[in-house]
Amino acid sequence: MAPGYRFLPGCLFSITFFIIFLSSSASEAFKKYDFNIQVKNVSRLCNAKPIVTVNGMFPGPTVYVREGDQVLVNVTNHVQYNISIHWHGLKQFRNGWADGPAYITQCPIQTGRSYVYNFTVTGQRGTLWWHAHILWLRATIYGAIVIMPKKGTPFPFPQPYQETNIILGEWWNQDVETIVNQANKLGLPPQTSDAHTINGKPGPLFPCSEKYTFAMEVQFGKTYLLRIINAALNDELFFAISGHTMTVVEIDAVYVKPFTTQAILIAPGQTTNVLIKADQSPNRYFMAARPFMDAPLAVDNKTATAILQYKGIPNTVLPTLPQLPVSNDTKFALNYNSRLKSLNTPQFPAKVPVQIDRHLFYTIGLGINPCPTCQNGTQVVASLNNITFVMPKVGLLQAHYFNIAGVFRTDFPDNPPAPFNYTGAPLTANLGTTTGTRLSKLPFNTTVELVLQDTNLLSVESHPFHLHGFNFFVVGSGVGNFDPKKDQAKFNLVDPPERNTVGVPTGGWTAIRFRADNPGVWFMHCHLELHTMWGLKMAFVVENGKSAEESVLPPPQDLPPC
């Protein structure tokens with residue numbers, strides 16, 4: 001096996017690693033990383049607290065790979081929590097064992113144990129990310145995945161002079177797991193975060209944050225690629241750079257038809273690559289991120305900032321703030337998402353399923369169920385088709401692969417139990433849901449159309465949905481109730497955006513299509529951590545095809561036990 005590289009602390013090593021990586025030979029097919037899950041004391045907002053990290057880094061190390069590489073990440077757990085890592089957006093063909101969601105494709109890595117995530121990057125290039133996929137630990141356990149194209153394959157846009165990762169996140173002054181446990185005892189949502197962050201730093205608009213401000217230096221006239229990731233737990237975010245326009249060229253590691261914009265909208269789980277040209281008067285300019293929320297719900301509405309600084313400009317110059325859309329700017333959000341189109345060229349075609357084998361219609365709802373252990377006797381829950389998902393005690397993929405009975409059922413309904421006016425007046429009666437570990441079974445190579453419909457059960461809200469194991473095409477979206485006759489006629493089947501995470505508009509619907517050509521068990525859930533915790537999730541069982549090449553690979557020897 002060719003030699004790999006291991007991350008060491010410090011910026012110098014990261015730069016050296018990247019230079020070595022870019023100059024590695026075409027035969028370099030293996031990339032090796034060690035991820036040590038460990039506690040580190042970190043100070044933000046005049047507060048110090050221990051947080052769970054990878055290799056003591058916050059955010060964690062960037063995983064640099066090239067399309068076609070085999071990647072080995074040895075994760076060793078040195079903390080009190082069970083842990084698992086999800087490689088968000090990587091398709092993991094036939095290899096759900098490396099996908100990472102705890103109790104879905106694996107049991108978590110217990111304290112003192114290790115597990116090697118072994119996967120090959122096939123047919124993908126661009127920006128993805130990794131994060132913890134158990135409890136709320138992704139509050140601090142996350143990092144970027146940069147997939148370079150195969151050697152000799154250029155970007156389908158102007159080559160940037162340099163590139164920078166911009167990871168948007170959230171920060172709580174208190175221990176996040178303690179906050180969540182206290183809220184669960186009450187049956188209510190936990191408090192919102194105390195700050196948003198850019199590359200782990202809130203910026204100078206927050207107290208004690210002058211030294212906790214990310215800055216990138218640019219040279220006048222040069223073009224830069226920003227790889228933007230929303231690692232926040234519960235907030236969709238606007239992002240803009242004062243004085244500069246951005247050209248969107250990629251979303252969720254899929255190239256798009258380039259377009260320019262003053263601001264982008266990015267939901268938790270999504271990635272967006274933009275080009276910026278340093279063509280303004282040399283100065284210091286704020287980059288800024290703050291939430292989009294067009295429903296009557298509490299949100300951490302504070303603005304995180306970082307600095308774009310032209311070379312030679314002293315740090316004493318005060319930056320200017322960008323004009324971000326107002327926090328409830330629904331018109332901007334709908335217009336921005338409508339501009340996203342697949343590149344759809346001979347080299348990067350949009351293979352949209354046209355003939356559909358299975359039509360699914362899932363309603364998204366909040367509810368209230370009895371909770372004898374909760375202080376109020378009830379708890380807020382969430383559901384798809386009125387089913388609140390119950391996490392199993394055994395990994396669903398193991399149960400499927402080894403035919404373990406009694407772990408899950410495959411009777412998740414294709415439609416809600418009863419139609420109603422989904423987005424009409426708020427519904428506050430009959431808010432109970434059914435509970436269970438119910439999956440939807442799909443024969444191999446089934447073409448699927450899934451309509452996700454928001455409802456006004458308690459409240460309408462925007463929901464970013466992530467499907468593991470696949471990309472999908474966003475063929476349609478709208479506000480109000482989905483009308484199959486009227487709305488299907490307007491579907492974009494030519495160049496719809498292809499992604500792994502999509503926002504369902506507040507009080508609206510989104511239609512996606514995908515081909516179930518990846519056998520295994522694949523999680524689908526709202527990427528708002530609060531809603532996932534409340535049960536807004538389900539999973540698909542994709543059956544094996546006719547050949548070994550269309551079947552789930554055997555599990556690795558070191559798969560963590562339950």
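Both backbone and side-chain heavy atoms feed into the values below; hydrogens, waters and symmetry mates do not.
The side-chain heavy atoms of R513 and F472, taken from C-beta on, include no pair separated by under 4.5 Å. Between V254 and N471 there is a side-chain heavy-atom pair separated by less than 4.5 Å. Contact of the P268 side chain with the L528 side chain is registered, since non-hydrogen atoms from C-beta on lie closer than 4.5 Å. Contact annotation: the side chain of L265 approaches that of N337 to within less than 4.5 Å [non-hydrogen atoms, C-beta and beyond]. Using a 4.5 Å cut-off on side-chain heavy atoms (C-beta onward), H531 and N234 make no contact.
Considering only residues two or more places apart in sequence or on other chains, R409 meets the salt bridge (Lys or Arg N to Asp or Glu O under 4.0 Å) condition with D411. The ring pair (Phe, Tyr, Trp, His ring centres under 6.0 Å) search around F444 returns none, not counting sequence neighbours. Checked against side-chain contact (heavy atoms from CB on, under 4.5 Å), T447 has the following partners two or more places apart in sequence or in another chain: P353, I356, D357, R515. The salt bridge (Lys or Arg N to Asp or Glu O under 4.0 Å) check on D294 picks up nothing, with sequence neighbours excluded. Every residue was checked against the side-chain contact (heavy atoms from CB on, under 4.5 Å) condition with N430, not counting sequence neighbours, and none meets it. Applying the ring pair (Phe, Tyr, Trp, His ring centres under 6.0 Å) criterion to F206, with sequence neighbours excluded, gives no partner residue. For K351, there are no salt bridge (Lys or Arg N to Asp or Glu O under 4.0 Å) partners two or more places apart in sequence or in a different chain. Applying the ring pair (Phe, Tyr, Trp, His ring centres under 6.0 Å) test to F292 and every residue at least two apart in sequence or in another chain returns F238. Listed by chain and residue number, nothing satisfies the ring pair (Phe, Tyr, Trp, His ring centres under 6.0 Å) test with F408 (two or more places apart in sequence, or in another chain). Every residue two or more places apart in sequence or in another chain was checked for a salt bridge (Lys or Arg N to Asp or Glu O under 4.0 Å) with R290, and none qualifies. Taking the side chain to side chain donor-acceptor pair (under 3.5 Å) definition, one finds that E529 meets it with R138, sequence neighbours left out.
Residue pairs that meet the ring pair (Phe, Tyr, Trp, His ring centres under 6.0 Å) test with at least one member in residues 420-442, sequence neighbours left out, are F361-Y422, F420-Y422.
Looking at N199, its side chain never comes within 3.5 Å of a backbone N or O of F214 through a donor-acceptor pair. A distance-only check finds no donor-acceptor pair linking the side chain of D454 to the backbone of H463 [under 3.5 Å]. With E250 contributing its side chain and N273 its backbone, the two residues share no donor-acceptor pair below 3.5 Å. Judged by distance alone, with hydrogens and angles left aside, the side-chain atoms of T433 form no donor-acceptor pair with the main-chain N or O of N386 at under 3.5 Å. No side-chain donor-acceptor contact under 3.5 Å links T510 to the backbone of S477. A donor-acceptor pair under 3.5 Å links the side-chain atoms of H244 to the main chain of S242, judged by distance alone. Of the possible donor and acceptor atoms, one in the side chain of N230 sits under 3.5 Å from a partner among the backbone N and O of I266. Put simply, the side chain of W87 never gets that close to the backbone of L128: no donor and acceptor are under 3.5 Å apart. Within the 3.5 Å criterion, the main-chain N or O of T532 finds a donor-acceptor partner in the side chain of K537. A donor-acceptor pair under 3.5 Å is formed between the side chain of N385 and the backbone N or O of T363.
To the nearest 0.5 angstrom, L457 atom CG is 11.0 Å from T423 atom OG1. The CE atom of M287 lies 7.0 Å from the CG atom of L226; values are rounded to the nearest 0.5 Å. The distance from the NE2 atom of H196 to the CG atom of D235 is 3.5 Å, given to the nearest 0.5 Å. Atom CG of L536 sits about 12.0 Å away from atom CD1 of I387, to the nearest 0.5 Å. Distance check: T305 OG1 to F286 CZ gives 4.5 Å after rounding to the nearest 0.5 Å. Note that CE of M533 and SG of C526 are 12.0 Å apart. Values are rounded to the nearest 0.5 Å.
D99 and W97 share no donor-acceptor pair across their side chains, judged by distance under 3.5 Å alone. Side chains of Q106 and S84: a donor-acceptor N/O pair is absent below 3.5 angstrom, by distance only.
Ring orientation note: the planes of H131 and H88 are tilted relative to one another, at an angle of 30° to 60°. Ring geometry for F523 versus H133: interplanar angle of 30 to 60°, hence tilted. Using cut-offs of 30° and 60° on the angle between ring planes, the pair H86 and H466 is tilted. Between W509 and F491, the ring planes lie tilted relative to each other; the angle falls in the 30° to 60° range.
With ring centers used as reference points, H525 lies under 6.0 Å from H468.
Taking all atoms of both residues into account, the shortest heavy-atom contact from E177 to L137 is OE2-N, 3.4 Å. Smallest separation of non-hydrogen atoms from N421 and L427: O-CD1, 4.4 Å. When all heavy atoms of A144 and I167 are compared, the closest pair comes out as N-CD1, 3.9 Å. The two residues W136 and L233 have their closest heavy-atom pair at CE3-CD2, 3.4 Å. Nearest heavy atom pair, residue P258 against residue V249, reads CB-CG1, 4.3 Å. Scanning all heavy atoms of the two residues, the minimum distance from N344 to K257 falls at CB-NZ, 4.3 Å.
Applying the side chain to side chain contact (heavy atoms under 4.5 Å, CB included) test between P108 and each of I134, I85, L135 identifies I134 as the sole match. Under the side chain to side chain contact (heavy atoms under 4.5 Å, CB included) rule, P190 has a single partner from V176, L530, T178, N184, which is L530.
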**Request:** Would you check, one step at a time, whether the test side chain to side chain contact (heavy atoms under 4.5 Å, CB included) holds for F412 with L439?
**Result:** CA-CA 5 Å; F412 191 92; L439 280 58; 5.6 Å; no
**L384/F465 under side chain to side chain contact (heavy atoms under 4.5 Å, CB included): CA gap, chis, key distance, verdict** = CA-CA 12 Å; L384 285 167; F465 265 84; 3.8 Å; yes
**Request:** In sequence, state the C-alpha distance, the side-chain angles, and the governing distance for F540 and L360, and then conclude on side chain to side chain contact (heavy atoms under 4.5 Å, CB included).
**Result:** CA-CA 12 Å; F540 292 103; L360 308 176; 3.8 Å; yes
**Request:** Evaluate the criterion side chain to side chain contact (heavy atoms under 4.5 Å, CB included) for residue pair I364 and T455; output intermediate values, then yes/no.
**Result:** CA-CA 6 Å; I364 304 162; T455 68; 5.5 Å; no
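Between K302 and D300 there is a salt bridge, with a side-chain nitrogen of the basic residue lying less than 4.0 Å from a carboxylate oxygen of the acidic one.
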